[in-house]
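Below: the structure, in structure tokens.
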Amino acid sequence: MESLESTSLATARRMRALEPSATLAMAARAAALAAAGVDVIDLSVGEPDFPTPDHICRAAEEAIRGGKTKYTPAAGIPALRKAVADDYARRSGIATTPAQVVVSNGAKHSLHNVFTAVLDEGDEVVVPTPYWVSYAELVKLAGATPVLVETRIEDDFKLRPEALQAALSPRTRMLLLCTPSNPTGVVYAPEELAALADIAIDRDLAVVADEIYDQLVYDGRAYASFPTLRPGLVDRTVVVAGVSKTYSMTGWRIGWTIAPEPLSKAIGNLQSQETSNPCSISQHAAVAALTGPQECVAQMRATFERRRNLVAGRLAAMPGVRIPEIGGAFYAFFDIREPLGRLKSSGISTSMRWCEALLEKKQVALVAGSAFGAEGHVRMSFAAADDKLAEGLDRIAAFLEGG
Ligand code: PMP
Ligand code: GLU
């Protein structure tokens with residue numbers, strides 16, 4: 001069958017506008033090449049390369065043996081909701097109750113839940129670009145409209161208060177912020193966030209603060225959760241986070257929202273109809289992650305910071321390449337407009353074509369900036385082993401030099 005559109009199984013209108021996840025698509029492509037025996041360096045997907053720490057795996061084994069293999073409350077087991085609330089309260093200083101926490105099947109699901117629970121048809125959500133691939137699609141799925149606001153590499157890709165003001169309309173309902181940022185690795189300073197918070201308060205906006213990389217901040221900088229920046233933000237903010245990045249648990253699928261209690265209840269109700277509880281075994285593993293020893297987090301952070309130094313140094317030295325200051329997460333988002341300009345005559349005029357040519361000629365997988373709403377750039381994940389990173393950077397340098 002060529003297409004579903006004229007059949008009884010035609011997809012809904014909302015599906016026709018839905019793009020597949022470009023990060024997951026590129027990772028699948030790189031994995032298929034590797035399975036076919038190609039020596040591919042996959043720096044596309046943002047996934048820590050470390051094994052999940054042993055004590056967390058053991059907790060999962062115990063959960064299985066102990067019969068924790070049944071439905072749990074839809075919003076998560078009490079022990080995990082409490083562990084999330086306690087961990088957040090300890091690190092942010094904001095008193096948080098388990099009732100404010102809903103545990104979902106990864107932070108991506110948490111984001112989907114918030115948008116579905118809060119947004120009405122026609123509501124506008126301000127999304128600074130470059131943005132993480134799924135934001136715009138998830139907002140659209142909820143029937144709302146993402147309003148993309150461009151940021152500039154000269155500003156380290158940070159949303160400026162004037163740009164936010166200019167993007168507001170009577171329909172603006174929500175501001176979406178991600179710091180440390182995927183895809184740019186940029187970390188907002190507390191005073192920069194506070195300036196955005198003032199506008200959110202003044203214009204009565206809801207804020208979704210995606211803080212999934214909150215523990216991956218480098219150079220000894222302190223972590224400032226968005227609601228700590230001004231009084232009253234707790235009542236208008238949903239913090240989204242999870243265990244995927246902090247504890248190298250991407251496959252376990254545990255993320256969460258921290259929201260005012262009435263919204264949390266609504267999200268729990270939604271989830272009770274949508275998916276029921278996230279995996280019971282993963283929930284027990286996540287309790288061990290949050291309440292167990294935290295040295296593993298410091299170790300992984302130190303490794304990422306070392307890799308950040310390597311990657312930022314090498315990329316900045318490549319001809320025509322520009323990168324912002326990478327303060328956190330594990331991504332380098334670099335500007336290739338100048339190298340692209342040089343390649344025009346060979347038919348490579350977009351970041352997508354550039355990534356395809358890099359994969360074809362040098363077998364390095366990156367993700368095109370267009371997937372993040374920022375044409376002329378590409379994203380490299382440095383959540384990869386040191387030797388792979390070094391080899392990947394050598395190949396990118398050779399590609400840029402036309403070799
Ligand atoms: N938000 C951001 C900014 C991310 O990079 C990711 C990465 N996948 C997610 C949310 C979703 O994470 P999870 O694996 O928990 O669904
Ligand atoms: N967040 C990661 C990334 O951006 C994982 C892939 C995904 O969930 O899209 O690469």
Side-chain angles (χ1 to χ4, degrees), residues 18-31 42-49 52 76 80 84 101-115 125 127-139 141 157 176-188 208-217 226 238-258 271 275 278-279 282-283 285-286 289-290 304 326-333 355 365-374 377-384:
L18 187 78
E19 297 283 344
S21 164
T23 44
L24 296 182
M26 194 50 147
R29 208 164 142 190
D42 181 10
L43 307 176
S44 64
V45 79
E47 173 163 55
D49 54 313
T52 301
L80 181 52
V84 170
V101 176
V102 175
V103 183
S104 302
N105 300 278
K108 195 182 276 188
H109 182 213
S110 304
L111 286 161
H112 170 73
N113 281 347
V114 181
F115 299 148
V125 180
V127 182
T129 70
Y131 59 83
W132 177 49
V133 279
S134 296
Y135 290 156
E137 300 310 308
L138 291 176
V139 167
L141 262 187
F157 292 121
L176 181 47
L177 290 172
C178 179
T179 178
S181 159
N182 179 4
T184 64
V186 160
V187 180
Y188 282 72
V208 170
D210 185 340
E211 300 187 355
I212 195 161
Y213 297 99
D214 63 356
Q215 300 233 46
L216 292 177
V217 180
F226 186 79
V238 180
V239 173
V240 174
V243 292
S244 290
K245 318 290 171 172
T246 313
Y247 298 98
S248 197
M249 292 178 70
T250 46
W252 301 73
R253 311 308 304 131
I254 295 290
W256 52 76
T257 45
I258 302 172
Q271 186 159 293
T275 59
C279 170
S282 297
Q283 290 190 66
L290 289 168
F304 285 132
I326 305 168
F330 35 61
Y331 305 102
F333 196 76
C355 286
L366 304 182
V367 185
S370 49
F372 307 97
H377 300 75
V378 286
R379 190 192 78 172
M380 169 181 175
S381 159
F382 54 86

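When a residue number appears, it is its place in the shown sequence, counting from 1. Counting starts at 1 for both ligands and their atoms, in listed order.
- The single protein non-hydrogen atom nearest to atom 9 (C) of ligand 1 is W132 CH2, 3.4 Å, given as residue, atom name and distance.
- For I212, the closest heavy-atom approach to ligand 1 falls below 4.0 Å.
- Inter-residue side-chain proximity for S181 and F333 is flagged as unmet; no heavy-atom pair is nearer than 4.5 Å.
- Residue contacts with ligand 2 include S21, since one of its heavy atoms falls under 4.0 Å from the ligand.
- Near V45, meaning under 4.0 Å from any of its heavy atoms, are these atoms of ligand 2: 5 (C), 6 (C), 10 (O).
- Between T184 and H377 there is no side-chain heavy-atom pair separated by less than 4.5 Å.
- Within ligand 1, the atoms closer than 4.0 Å to a non-hydrogen atom of C178 are 3 (C), numbered from 1 in the order shown.
- When each atom of ligand 1 is checked for a heavy atom of Y135 under 4.0 Å away, the hits are 3 (C).
- Neither the backbone nor the side chain of T250 comes within contact range of ligand 2; no heavy atom lies under 4.0 Å.
- For atom 8 (O) of ligand 2, the closest non-hydrogen atom on the protein side is K108 NZ, 3.2 Å.
- Between V133 and ligand 2, not a single N/O pair is under 3.5 Å apart.
- Protein heavy atom at the shortest distance from atom 1 (N) of ligand 1 is D210 OD2, 2.6 Å.
- Below 4.0 Å from some heavy atom of S244 lie the following atoms of ligand 1, by number and element: 13 (P), 14 (O), 15 (O).
- In this structure, the ring of Y213 has its center less than 6.0 angstrom from the ring center of Y331.
- Which of S104, A107, G255 comes nearest to atom 13 (P) of ligand 1 through a heavy atom is settled by distance: it is A107.
- In this structure, the protein non-hydrogen atom closest to atom 9 (O) of ligand 2 is T23 OG1, 2.6 Å.
- Counting all heavy atoms, side chain and backbone alike, V187 lies closest to G328 at CG2-N, 3.5 Å.
- At least one heavy atom of K245 sits closer than 4.0 Å to an atom of ligand 2.
- Residue-ligand proximity, G106 to ligand 1, at heavy-atom distances under 4.0 Å covers atoms 15 (O), 16 (O).
- Closest to atom 8 (N) of ligand 1 among all protein heavy atoms lies K245 NZ, 3.1 Å.
- Set against the non-hydrogen atoms of N182, the atoms of ligand 1 under 4.0 Å away are 3 (C), 4 (C), 5 (O).
- Between W132 and ligand 2, a contact under 3.5 Å exists for at least one N or O pair.
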